[in-house]
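Structure first, then comments.
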Number of protein chains: 2
Amino acid sequence: MIVIDYRDKRPLYEQVAEKLAQLIICGVLESNTKLPSVRSLALELSINPNTIQRAYNQLEQDGYIYTVVGRGNYVTDVHEWKNGYQNTVLQELEEGVKKAREAGITSERVTALVQSVYAAPVQESPPPRDEESN
Amino acid sequence: MIVIDYRDKRPLYEQVAEKLAQLIICGVLESNTKLPSVRSLALELSINPNTIQRAYNQLEQDGYIYTVVGRGNYVTDVHEWKNGYQNTVLQELEEGVKKAREAGITSERVTALVQSVYAAPVQESPPPRDEESN
DNA sequence: TAAGTGCACTAATCGACTTAGTACACTTAA
DNA sequence: TTAAGTGTACTAAGTCGATTAGTGCACTTA
């Protein structure tokens, strides 16, 4: 299911988390699917269970999966995940706008920036999943 | 001019850069003022010249000062600095908006966010210097 | 030419991050 | 109750990058 690239300079847990996130995003792992246990996946990849644990923690923080102690890890429902991600993006954006305001940039200028971005043609890396526009 | 706090866990060069930035922002060091040389300031603070060098590099990157090899470091003109800072903020903001668009967030929602931030009453830490609104 | 300036390179130190080892608490089913 | 399977907390070793220091070079000015 997952292959580790030892030439990759990033930490193992980050690689594992990223690969799993991709599988979730592209739909291979559907909502509420049970992920392999930390021990079994660790055995399969020949690395320490704690490393898998950390990858799972990362995924949980990012909202991709949820954990039930004693039972296992499960893929988060698509709608929940999408809402969570959008909220994160919006929070970051709010910080940026506040910063702009404090820097003395007018709201007109910021609004113009927003419009120009949305007016630009779409290119590269489309959003993970985007059937519905809520 | 500057006092180092060894209880502070941050690196020395960061402390030095921050203190100098504050002096520049609050107007103690006016535009085109010559800063102390890396050697003299290092001697004054009893730290290595390279540490001061790094602090100055940081300040130059952030647009607070400019460097002339063989001559010294000088405080950037207020207008230049302000433009540079605003551009940095706007670039960061653009990235955020692109991310929002890719996440499937509508432009209306982003615009509403911008307006709500600018509608909120001003509070805490006002912008460094803000007599003119260009 | 000499003094003063910033800059580039290397080396030592130190701390944080990463990973592994181990033991514990929880859930489930026999 | 018991046993197997699950996630979690704690500590320790190893590794790697950031920070700081040391040294020498190139540039500007008088």
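Just so it is clear: chains get the letters A, B, ... in the order the sequence lines come, proteins before strands, and each one is counted from 1.
Mapped onto DNA chain C by nearest heavy atom, Lys34(B) and Ile47(A) fall at different nucleotides, with Lys34(B) at the one closer to the 5' end.
Atom CG of Leu35(A) and atom P of dG5(D) are 19 Å apart (whole Å). When rounded to the nearest whole Å, the span between CG of Leu43(A) and P of dG5(D) equals 12 Å. With rounding to whole Å, Asn57(B) atom CG is found 13 Å from dC9(C) atom P. One can place CG of Asp8(B) at 15 Å from P of dG15(C), the figure rounded to the nearest angstrom. The distance from atom CG of Leu12(A) to atom C1' of dT15(D) is 13 Å, rounded to the nearest whole Å. Look at CG on Asn48(A): it is 15 Å from C1' on dC17(C), rounded to the nearest Å. Atom NZ in Lys9(A) sits about 17 Å away from atom P in dT15(D), given to the nearest Å. Atom CD1 of Ile65(A) is separated from atom C1' of dT8(D) by 14 Å (rounded to the nearest Å).
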N/O-N/O pairs, protein side and nucleotides 24-30 of chain D side, under 3.5 Å:
none

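For the OP1/OP2 pair of dT8(D) and a distance below 4.0 Å, the side-chain nitrogens and oxygens of Gln53(A) include at least one atom meeting the criterion. At the phosphate of dT18(C), OP1 or OP2 sits under 4.0 Å from a side-chain N or O atom of Tyr13(A). Listed pair Ser40(A) / dG5(D) fails the phosphate criterion, with no side-chain N or O lying under 4.0 Å from OP1 or OP2. Contact annotation: Asn73(A) does not reach the phosphate of dT6(D) (side-chain N/O to OP1 or OP2, under 4.0 Å). Here Thr51(B) does not reach the OP1 or OP2 of dT19(D): none of its side-chain N or O atoms lies under 4.0 Å away. Side-chain N/O atoms of Asn50(B) include none lying less than 4.0 angstrom from OP1 or OP2 on dG22(D).
Put simply, the residue from Thr33(A), Thr76(A), Leu29(A), Val78(A) that forms a side chain to side chain contact (heavy atoms under 4.5 Å, CB included) with Ile24(A) is Leu29(A).
The minimum heavy-atom distance linking Val117(B) with Arg101(A) is given by the pair O-NH1, 3.0 Å.
The side-chain heavy atoms of Ile4(B) and Ile47(B), taken from C-beta on, include a pair separated by under 4.5 Å. Leu90(A) has its side chain out of reach of Glu94(A): every pair of non-hydrogen atoms, C-beta onward, lies at least 4.5 Å apart. Contact of the Val3(B) side chain with the Leu45(B) side chain is not registered, since no non-hydrogen atoms from C-beta on lie closer than 4.5 Å. Residues Tyr56(B) and Leu20(B) meet the side-chain proximity criterion, which asks for heavy atoms closer than 4.5 Å.
At a cut-off of 3.5 Å, with distance as the only test, no side-chain donor of Asn87(A) or Gln91(A) sits close to an acceptor on the other residue.
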